Student: 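Mind having a look at this structure? Questions to follow.
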Number of protein chains: 2
Amino acid sequence: MSRKIFVSAKEVADRAGVSRSAVSRTFTPGASVSEETRRRVTEAADALGYHVNHLARGLMRNESGIVCLIVSELDTPYRASLIRALTGQLQSASKIAMLINTDRSDDSVDQALRQAISYRADASIILSGMPDRSITDLCLKSGQRLVLINRDEDREGALMINLNDREAARRSFFALLRAGCRNFAFANSEAMTPSLMAREEGFCEAGREHGLEVSVERFGPTTYQSGVVLAQRLLTREKRPDAIFCVNDLLACGLMDAARHQFNLAVPSELCVVGFDDIEQASWSSYNLTTFAQPVEQIAAEAVTWLDQVTSAGSNSRRLDAELVWRGSVRGG
Amino acid sequence: MSRKIFVSAKEVADRAGVSRSAVSRTFTPGASVSEETRRRVTEAADALGYHVNHLARGLMRNESGIVCLIVSELDTPYRASLIRALTGQLQSASKIAMLINTDRSDDSVDQALRQAISYRADASIILSGMPDRSITDLCLKSGQRLVLINRDEDREGALMINLNDREAARRSFFALLRAGCRNFAFANSEAMTPSLMAREEGFCEAGREHGLEVSVERFGPTTYQSGVVLAQRLLTREKRPDAIFCVNDLLACGLMDAARHQFNLAVPSELCVVGFDDIEQASWSSYNLTTFAQPVEQIAAEAVTWLDQVTSAGSNSRRLDAELVWRGSVRGG
DNA sequence: CCTATTTTTGCAAGCGAGTGCAACAGGCGC
DNA sequence: GCGCCTGTTGCACTCGCTTGCAAAAATAGG
């Protein structure tokens, strides 16, 4: 390995003609240092290119400033924008994000949390997958904070951030009803995560309340390609749906493309579509998709402010609203 | 701050009835430990939930295992997929990625590198922006390795990974020529990064060689919205282009949407479009865009294997090929 | 000018690990 | 039984930093 030769506080101290502690105090907000020594220290530090070693500081302070982001499929538009919001806000709170990609094996969320523990992360934020209870218990017991985003399952001591999935799905049903639709369908993936299932249940429930049957179809992962397949399955039914709620925007894009290019259906006159997430592509004029916006900045803000709080006792949970963004894929509006 | 109470090697040693060094050696590959003590140590470690403190280990070994990824606009499809590839491959090489978002201010790439130094990152990979020479010099002098992706500018001692932008642009010109196009245009952003400019030059150069003028237009950042504006500017010219090379796919999507929905032009019969990056959306049937694929996995592989190499002397640079992906936005093919 | 108080400063003891060195145990050949 | 070699183990030092404590310096009060 290449010899690393970062400059240390000792060297700065020597050059500035002060003690090592003086250097340390200069870089510790609130410590007692005279204006004169501070000046000499910063001067020497600049000249030498000194930077406090956060690893060593973390060792002493018992606080690394590291927050782990545990994610799979991080190149998905929604995930990517959430990561962007989180990293941005973490940095504003002078913390730093470690990114752990769990695309590989199935137990890798557990592996990721082990990494988080190894690096003594102050907290872990889980955006996908659900770890074993034993490992989350270990995290909490070790004093590491835990944030679960859209994971729903209850974990005492962790912060759980969820959306009003059920209500949003209900609202979309009413919007489609008002648009004059009568044959409702729900396009879901086979991922079956709690938030996706909540949307399905909310939508179907609203249908039942109005005595309208909702045909549900589930296929594959939550991707564009699945949307294409779901369109083929739904649009070839004997009673062709005129309203489809897609469990997310990616699915909706695939479904709309198939509906238009393979089935020659016009949106929204022959088919109304609603999505979820409000990814950037939803606003592109080829889709112009009516959808529910994930409040990514707000989610990030909730997570980061909670991490800064001293008290973490008890079960914390936040339920945020996904706002309906009206565009052209539903009549009326 | 919450009291952190991670279990230390000392506690494991006590429980296993061995010395602290024995614990250390158990978790150090290649160290000399008897089968018996190793068993007792791992047993105690499991029971207590012990994990080696990577911060402390990094301190001793002078090697943190941390690699910083410095990125702006990380929710852009191309960037996101590159991050995914990098994090994945770094993890396979048992390193961990720190993600630094530089969306904020202009000097924040420098800030990011300072952070990298503070956390004693073994390396930094820069995906966007260009830091001051003084700070990169400091990184290199400190023994930190530096990878610049698509930044082009020369930095002695760093690994520079670039694409054959110029050749790719030339190839696209020939492809468009063969498709029967005669009025060429180049849609660029105002970002003016070296790789974007290389594409522009390559395309225009090829045009000149064939005595064909290329109308160049530059606008805004490299986004979908800029593509819309560029379409408006280019398609209202008195000699309307019938072939447009867009400097990236995002721009191309915006341009195609505007061309179709605002100018009612059919692609590819009335207008051929070529993009760059091969983002996921390029394959969506609404775009079906002919484009050049960024070899993200290969880029990541080059970076990661270079980091693992012992020697880093001299100026290292790799020039990779962007492969042409034929789809339906160009006639023929 | 002397004493009491407030800063400022340096010393030294950690934080949690890795590792060279020497002591030690056990196995083998003679 | 003795000497030698191999393999394990523990001691103690080190990495770069923070921080309590006490000494030293600066300031204020009389």
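Residue numbering restarts at 1 for every chain, and letters A, B, ... go by the order of the sequence lines. Only a predicted model underlies this, so the values are computations on that prediction, with no experimental measurement involved.
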Student: Does a donor on one side chain and an acceptor on the other come within less than 3.5 Å for B/R104 and A/S92?
Tutor: yes
Student: Which part of the nucleic acid, if any, lies within reach of B/V23 when heavy atoms closer than 4.0 Å are counted: base, sugar-phosphate only, or nothing?
Tutor: nothing
Student: Which nucleotide, D/dT9, D/dA12, D/dT18, lies nearest any side-chain atom of B/R20?
Tutor: D/dA12
Student: In whole Å, what is the span from the CG atom of A/N53 to the C1' atom of D/dC17?
Tutor: 7 Å
Student: So do the side chains of B/L307 and B/D122 get within less than 4.5 Å of each other, counting heavy atoms only?
Tutor: no
Student: To the side chain of B/S34, which of D/dC17, D/dT9, C/dG10 is closest?
Tutor: D/dT9
Student: Could you tell me how far apart B/R120 (CZ) and C/dA17 (P) are, to the nearest whole angstrom?
Tutor: 20 Å
Student: D/dA12, C/dG10, D/dG16: which one has an atom nearest the side-chain heavy atoms of A/S19?
Tutor: C/dG10
Student: Could you tell me how far apart B/L55 (CG) and D/dT14 (C1') are, to the nearest whole angstrom?
Tutor: 17 Å
Student: Check every atom of C/dG16, D/dT19, D/dG16 against the side chain of B/A56 and return the nucleotide holding the closest atom.
Tutor: C/dG16
Student: Answer with base, sugar-phosphate or nothing: what part of the nucleic acid does A/S8 contact at a heavy-atom distance below 4.0 Å?
Tutor: sugar-phosphate
Student: Give the nucleotide from the list C/dC15, D/dA12, D/dC21 with an atom nearest to the side chain of A/R25.
Tutor: D/dC21
Student: Within this structure, what is the CE-to-P distance between A/M60 and C/dA17, rounded to whole angstrom?
Tutor: 15 Å
Student: Across the strands shown, which category fits B/T28 at heavy-atom distances under 4.0 angstrom: base, sugar-phosphate, nothing?
Tutor: sugar-phosphate
Student: Within this structure, what is the CG-to-C1' distance between B/L59 and D/dC13, rounded to whole angstrom?
Tutor: 14 Å
Student: With nearest nucleotides of DNA chain C determined for B/V52 and A/A22 from heavy-atom distances, which residue corresponds to the more 5′ nucleotide?
Tutor: A/A22
Student: Whole Å only: how far is the CZ atom of B/R57 from the C1' atom of D/dC17?
Tutor: 20 Å
Student: Can you tell me the distance, in whole Å, between the OH atom of A/Y119 and the P atom of C/dG16?
Tutor: 18 Å
Student: Side chain of B/S24 only, heavy atoms from C-beta on: which candidate in D/dT9, D/dC17, C/dT19 is closest?
Tutor: C/dT19
Student: Under 4.0 Å between any heavy atoms, over every strand shown, what does A/Y50 touch: base, sugar-phosphate, or nothing? Just pick one.
Tutor: sugar-phosphate
Student: Using whole Å, report how far NE2 of B/H51 lies from P of C/dG16.
Tutor: 16 Å
